Amino acid sequence: MKCDAVIVGAGIVGLACALKLNLAHPKKKIIVLEKEDRAAQHQTGNNSGVIHSGIYYKPGSLKAKNCIEGYNQLLHFCRSYDVPFDICGKIILASSHDELPRLHALFQRGQQNGLSGIRLLSSGEIKEIEPFAEGVAGIFVPQTGIVDYKRVAEKFTELLLKRGVEIWYNVRVAALRTMPDCVEAVTNGEVLTASVAVNCAGLHSDRVARNSFPNLDVRIIPFRGEYYKLKPHSEKLVRGLIYPVPDPAFPFLGVHFTKQIDGGVEAGPNAVLAYKREGYRKRDISLRDMWETVSWHGFQKVARRYWKVGVEEMIRSYSKKQFVHSLQKLVPSIKESDLEAGGAGVRAQACSRSGELLDDFFFLEDKHVVHVCNAPSPAATSSLSIGETIAQRAALHFS
Ligand SMILES: Cc1cc2nc3c(=O)[nH]c(=O)nc-3n(C[C@H](O)[C@H](O)[C@H](O)COP(=O)(O)OP(=O)(O)OC[C@H]3O[C@@H](n4cnc5c(N)ncnc54)[C@H](O)[C@@H]3O)c2cc1C
């Protein structure tokens, strides 16, 4: 079987990339290969549903650039195709005076990233926006919104099929083999030959990339994010989105409250080491996945440096009381009885051999393959911009 481009993974990044490639090259035969029986079954379908503004990211980084560009493209897409979204804004709260320098640094970063209308809040002003929240100071970010990314991905899928792009479900790519003038996608069925392949395999992207780069310098470490939901009678405690000041040592934002586009409020996610790459329950274990994590030199370094935080996360994962304690820093009146168990998602977080949790998006190119090796949050917000960048790189291989 021959085609022009093969895309591995029907998550939001793979689908956006297919769409951008098709829009720029409508005559090229593009096939998306997905191991599940539907699109968006992993990170894309199990995230917080936040349209991020770009406040957090280092100016000039790929995250900053793609988040802001992706934000604009996403809103335009949702308006054009009637995907419901709500730009409800969010607040970031400093719960103690120690957090003020980090809050102010974040505010400056937002200004550097060109976010207009963000403003510092006094504790009184916080109450005007969120009557049950408390903090010594805060930031209001008017650009932040909410959407259901599964619905966005469904719309991408619908459009792709209409435009003649094929999506093959239940097809797992075992390897991408580069040949002198093409690439072969070896699957559980047939072998596809293409001018270019794009690896958007999310939690498995490093495994797919290792065929091209046997000494690949990053490995995906899975971090599960568990949620609680506010019981209907407690939803009044939260009007919109309430976040803590994040710890800059970690690429996660800290447990927060998120209003959902279809109603309800989620609390979370935490960030606990998962024993399985697609392990959504605490009891999910894969010996292969665990071994790949613990045997990675980079992970061992991270574990030595942050073991205390890791143990605390583990305790908070098993103890609702501890989870609620973290939430009480934002909304002191919240109680265990206000929360019921919610879902979970697993983040694909790349970790370098030298022991860094990669903060920025990371792409790698081989002869006929573009690998998306790190696309954590805000990759859903940024998907159309990331998709465009990758599609441009991939299209260079058509000639
Ligand atoms: C808990 C959580 C909360 C988040 N919150 C937000 C948020 O609020 N806002 C935001 O912008 N981002 C958020 N993110 C990040 C965002 O969801 C991800 O960055 C984004 O979904 C990544 O998309 P993807 O297509 O790269 O990966 P995925 O959605 O994981 O898709 C990868 C696809 O590849 C397929 N695949 C894997 N291996 C193979 C193979 N060998 N052959 C064929 N198919 C394969 C998988 O089945 C999957 O469908 C969150 C993530 C998590 C986990």
Side-chain angles (χ1 to χ4, degrees), residues 6-18 31-54 56 63 66-67 70-71 74 90 144-150 152-153 156-157 167-176 185-189 197-209 211 220 222-227 241 243 251-253 255-256 258 260-261 266 268-272 274 277-278 280 342-350 361 371-387 390:
V6 156
I7 291 169
V8 186
I12 201 161
V13 174
L15 295 170
C17 178
I31 302 179
V32 180
L33 304 176
E34 168 55 53
K35 68 179 169 58
E36 305 294 344
D37 60 1
R38 274 165 301 155
Q41 291 305 291
H42 293 292
Q43 295 179 91
T44 303
N46 296 299
N47 64 25
S48 301
V50 176
I51 307 177
H52 285 292
S53 63
Y56 297 110
K63 274 193 179 176
N66 287 282
C67 183
Y71 174 97
L74 180 66
K90 84 166 175 186
T144 306
I146 50 173
V147 71
D148 179 350
Y149 285 109
K150 225 173 191 169
V152 176
F156 285 175
T157 307
I167 306 179
W168 295 7
Y169 294 110
N170 300 309
V171 175
R172 178 187 289 272
V173 173
L176 291 173
V186 183
T187 75
N188 51 342
V198 184
N199 162 14
C200 303
L203 284 152
H204 298 281
S205 55
D206 58 337
R207 285 178 180 157
V208 175
N211 292 120
I220 292 294
F223 284 97
R224 192 172 52 249
E226 297 156 332
Y227 295 90
L241 277 65
Y243 281 64
F252 313 120
L253 298 179
V255 291
H256 48 265
T258 317
Q260 298 293 289
I261 192 71
E266 275 185 351
N270 57 3
V272 62
R277 291 196 181 202
E278 287 161 3
Y280 297 97
V346 183
R347 304 172 183 88
Q349 174 60 51
F361 297 146
H371 299 279
V372 179
C373 294
N374 194 44
S377 183
T381 307
S382 320
S383 55
L384 286 164
S385 176
I386 299 176
I390 303 167

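In this text, all values refer to a predicted model and were calculated from it rather than measured experimentally. Residue numbers count from 1 along this sequence. As the structure lists them, so they are numbered: ligands from 1, and atoms in each ligand from 1.
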Where on [X] is there a heavy atom closer than 4.0 Å to ligand 1, on the side chain, on the backbone, on both, or on neither?
X      : value
Val346 : backbone
Asn46  : backbone
Leu33  : backbone
Ala348 : neither
His52  : side chain

Would one find an N or O of Val50, backbone or side chain, under 3.5 Å from an N or O of ligand 1?
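Yes, there is a polar N/O contact under 3.5 Å.
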
Which protein heavy atom lies closest to [atom], and at what distance to 0.1 Å?
atom                    : value
atom 21 (O) of ligand 1 : Thr44 OG1, 3.0 Å
atom 37 (C) of ligand 1 : Ala201 O, 3.2 Å
atom 27 (O) of ligand 1 : Gln43 NE2, 3.3 Å
atom 41 (N) of ligand 1 : Val173 O, 3.0 Å
atom 13 (C) of ligand 1 : Ser377 OG, 3.5 Å
atom 5 (N) of ligand 1  : Ser48 N, 3.2 Å
atom 31 (O) of ligand 1 : Gly11 CA, 3.3 Å
atom 36 (N) of ligand 1 : Lys35 CE, 3.8 Å

Does Trp168 reach the side chain of Val6, with side-chain heavy atoms less than 4.5 Å apart?
no

Could you check whether any side-chain heavy atom of Thr157 comes within less than 4.5 Å of a side-chain heavy atom of Leu15, counting everything from C-beta outward?
yes

Among Asn199, Val186, Val198, whose side-chain contact (heavy atoms from CB on, under 4.5 Å) with Leu176 holds?
Asn199

For [X], counting its heavy atoms only, list the atoms of ligand 1 lying under 4.0 Å from any of them.
X      : answer
Tyr227 : 1 (C), 2 (C), 3 (C)
Arg347 : 52 (C), 53 (C)
Val8   : 40 (C), 42 (N), 43 (C)
Gly9   : 33 (C), 34 (O), 35 (C)
His204 : 37 (C), 38 (N)
Val13  : 23 (O), 24 (P), 25 (O), 26 (O)
Cys200 : 32 (C), 33 (C), 34 (O)
Pro376 : 19 (O)

Step by step, would you call His204 with His42 a side-chain contact (heavy atoms from CB on, under 4.5 Å)?
CA-CA 11 Å; His204 298 281; His42 293 292; over 6 Å; no

Between [X] and [Y], is there a donor-acceptor pair closer than 3.5 Å when you use the side chain of the first and the backbone of the second?
X      : Y      : answer
Arg172 : Asn188 : no
Asp206 : Ile220 : yes
Glu34  : Glu36  : yes
Tyr149 : Val50  : yes
Gln43  : Ala348 : yes
Ser383 : Ala16  : no

Can you find a non-hydrogen atom of Val171 under 4.0 Å from ligand 1?
yes

Phe223: heavy atom below 4.0 Å from ligand 1, yes or no?
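False for this residue.
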
Spatial distance of atom NZ (Lys35) from atom CD (Glu278) [nearest 0.5 Å]
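Separation between the atoms: 3.5 Å.
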
Have a look at [options] and point out the one with the heavy atom closest to [atom].
atom                    : options                : result
atom 22 (C) of ligand 1 : Pro269, Ala375, Ala380 : Ala375
atom 46 (C) of ligand 1 : Arg277, Glu34, Glu36   : Glu34
atom 2 (C) of ligand 1  : Asn47, Val32, Asn374   : Asn47

Would you name the heavy atoms of Ala18 and Val32 that are closest together and state the gap between them?
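What the structure gives for the nearest pair is CB-CG2, 3.8 Å.
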
Looking at every non-hydrogen atom in both residues, tell me the closest pair between Asn47 and Ala380 and how far apart they are.
ND2-CB, 3.8 Å

The criterion is side-chain contact (heavy atoms from CB on, under 4.5 Å); which residues satisfy it with Ala40, sequence neighbours excluded?
Thr44, Lys150, Ala153

Of all residues at least two apart in sequence or in a different chain, which pass the ring-ring contact (aromatic ring centres under 6.0 Å, His included) check with Tyr56?
none

